[in-house]
Amino acid sequence: MYQAPRGTADLLPEEQKYRRYIESKAVALARSYGYGRIDSPVFEDAGLFVRSVGEGTDIVEKEMYTFEDRGGDLVTLRPEGTAPVCRAYLEHGMHNLPQPVRMYYFCPVFRYERPQAGRFRQHHQFGVEVLGDANPAVDAEVIELAWRLMHSLGLTDIELFINSIGDGESRPQYIEELKSYYTQRLAALCQDCRSRLERNPLRLLDCKVENCRGIGETAPRSVDHLDPESLDHWEKLQSYLSAMDIPYQVDHRLVRGLDYYSRTVFEIQPLDAGAQSTICGGGRYDGLIEQLGGRPTPGIGFGSGLERLTLNLKRSGVEVPDEPSPSYLVANVGDDARLHALELASRIRRAGAGAILSSGSRALRGQMRQANALGIPYVLILGDDEISRGEVVIRDMATSTQETASLTDFLRSLESNGQ
RNA sequence: GCGAGCGUAGCCAAGAGGCCUAAGGCGCCUGUCUGUGGCACAGGAGAUCACGGGUUCGAAUCCCGUCGCUCGCCCCA
């Protein structure tokens, strides 16, 4: 038998309410901040991600689904949400729109990883991007949006971590300093950290190994090596967050695994953090548009994993509303009744209400059971007697009461309710 | 990519070499109730015991491999 590919999952009907819930909250919030939706293709030219995410990153080096299509083009299944939005910004000349341009998206994301709790090969993200405004007030707005999204979902036991990793000017100097600090302590470092030293020095700070952690505590901090403008940006961001009553913690070890970030980076995590705990992560990427061939254009955004959000909703016992059942189930007894039931169900739907046509192959008892199991509030009963009199029995399942009405009256009241 | 645990019907599971033509529960279907749900009782359907190979007179049970899931690392949402 076939199974869904490793690291992928079917989202079954009974799970959809979580996805629907998150989407409706996220859309409402994004729209209230003036964001417009964008949908980009599931696959892109492979080069887009190599250039934006960065050649040395894990994502590009070993996690991308890249293949040659039948025409010989090298394409990649989207491994993250930001680069395609930036590509679209450039492709559609959005710099001619009033700046900044605010966009949000929902999309599947693909990374060839080893699956475990909260980590998949295909997952889904909600994300936002703001392009064309370098002001720290925008950083604060984006972070506030992320923070308020979590709260509107009912996730309140969460923490916000922020850091600044400097810009293209100051970062190389900081990285050099970091390297020399770690090089002096090379003997005490774990194997991974030794290779990180050359490959991705910023990640040294994030090592979980006990020894390296200790070394990281006293390592040079990026915020102490900011150029004057980045420092100003950093300080303003913090004062803005405070002004909006958003509690945050500065985490000097917070770095992110994508090369395009500059200045502000942030993450939101649940308090009882497990391994794959980050439910929202983002940052500023002022050099990215230029990197992709555009004019220098600042940008900032975040991504949030829908599967991880769902996991946390379940863990925290947040009540998510069920998707409503249709109001009516049309039960029928006898071959003649089937035709009339079909017609009645159709007319109910045309009047704008929901109806399920019961398979009349079972006894009425079985049809009632089905209505009960499906949570249908009203059962309409059609048998030979009702049909010959042009009537229908309307049973209210919650109160176990029922009345007989004429079909035309019933449909008329349905239509007037619909308007 | 590395380390550890697990894999018995749609779901939860008993089972530890022969008494397994695999217990029980949930769910599903039917009946008790000739046209009326939720409760109860009775019955029924549903499993090549993840897959492949091996050991043995005999394997769900032991061994090996593969696949999948879970947990940790790495990395990230």
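Within every chain, numbering begins at 1; the chains are lettered A, B, ... in the order of the sequence lines, protein sequences first and strands thereafter.
Not a single donor-acceptor contact under 3.5 angstrom links the side-chain atoms of A:Q402 to the base of B:G37. For A:R365 against B:U32, a side-chain-to-base donor-acceptor contact under 3.5 Å is present.
Looking at heavy-atom distances under 4.0 Å, A:F126 makes no contact with the nucleic acid at all. Among the protein residues, A:E386 comes within range of the nucleic acid bases, having at least one heavy atom under 4.0 Å from a base atom. Residue contacts for A:G375: at a heavy-atom cut-off of 4.0 Å it reaches no nucleic acid atom on any strand shown. Within 4.0 Å of A:I59, counting heavy atoms only, lies no atom of the nucleic acid at all.
The distance from atom CD1 of A:I387 to atom P of B:G35 is 15 Å, rounded to the nearest whole Å. Across the protein-nucleic acid pair, A:N372 atom CG and B:G27 atom P stand 12 Å apart, rounded to whole Å. Atom CE of A:M368 is separated from atom C1' of B:G31 by 18 Å (rounded to the nearest Å). Per the geometry, CG belonging to A:L204 stands 13 Å off P belonging to B:C74, to the nearest Å.
B:C75 is unpaired under the criterion used here, namely a Watson-Crick or G-U wobble arrangement in which both key atom distances are under 3.5 Å. In this structure B:U34 sits in no base pair that meets the Watson-Crick or G-U test at under 3.5 Å. The partner of B:G17, taking Watson-Crick or G-U wobble pairs whose two distances both stay under 3.5 Å, does not exist in any strand shown. Here B:U66 sits opposite B:A50 as a Watson-Crick or G-U wobble pair (both hydrogen-bonding atom distances under 3.5 Å). Figure legend. B:A23 is base-paired to no nucleotide; pairs are counted as Watson-Crick or G-U wobble with both atom distances under 3.5 Å.
Looking at the side chain of A:S400, the nearest of the listed nucleotides B:C74, B:A77, B:G37 is B:G37. Taking every side-chain heavy atom of A:P115 into account, B:C69 is the closest of B:C69, B:G37, B:C2. Comparing B:U36, B:A77, B:C28 against the side chain of A:H123 picks out B:A77 as the nearest. Of the candidate nucleotides B:A77, B:U36, B:C28, B:A77 has the atom nearest to the side chain of A:R119. Considering only side-chain atoms of A:E113, the nucleotide from B:C75, B:U70, B:G37 that sits closest is B:C75. Candidate nucleotides B:C74, B:G38, B:A77 were compared by shortest atom distance to the side chain of A:R369, and B:G38 ranks first.
With hydrogens and angles ignored, the 3.5 Å screen pairs no side-chain donor or acceptor of A:Q122 with any backbone N or O of A:V109.
Taking side-chain N and O atoms only, A:R114 has no distance below 4.0 Å to OP1 or OP2 of B:G1. The phosphate of B:G37 has neither OP1 nor OP2 within less than 4.0 Å of any side-chain N or O from A:R395. Contact between the side-chain N/O atoms of A:Q116 and the OP1/OP2 oxygens of B:G72 is found at a separation under 4.0 Å.
A:T8 and A:R121 share no donor-acceptor pair across their side chains, judged by distance under 3.5 Å alone. Looking at A:T401 and A:D396, their side chains never bring a donor and an acceptor atom within 3.5 Å of each other.
Annotation: of the two residues near RNA chain B, A:D385 and A:Y112, the 5′-most nearest-nucleotide partner is A:Y112. Each of A:R111 and A:I376 was assigned the nucleotide of RNA chain B with the nearest heavy atom; the assignment lying further toward the 5' end belongs to A:I376.
Taking the six-membered ring for Trp, A:Y35 and A:Y104 have ring centres at least 6.0 Å apart.
For the C1' atom pair drawn from B:C20 and B:G15, the interatomic distance equals 9 Å after rounding to whole Å. Using C1' as the reference atom, B:A9 and B:C26 are 12 Å apart when rounded to the nearest Å.
The number of heavy-atom neighbours closer than 6.0 Å to OH of A:Y378, taken from other residues, nucleotides and ligands shown, is 12 or below. Remark: A:E319 CD is loosely packed, at most 12 non-hydrogen atoms of other residues, nucleotides or ligands lying under 6.0 Å away. Heavy atoms of other residues, nucleotides or ligands lying less than 6.0 angstrom from OH of A:Y181 number more than 12.
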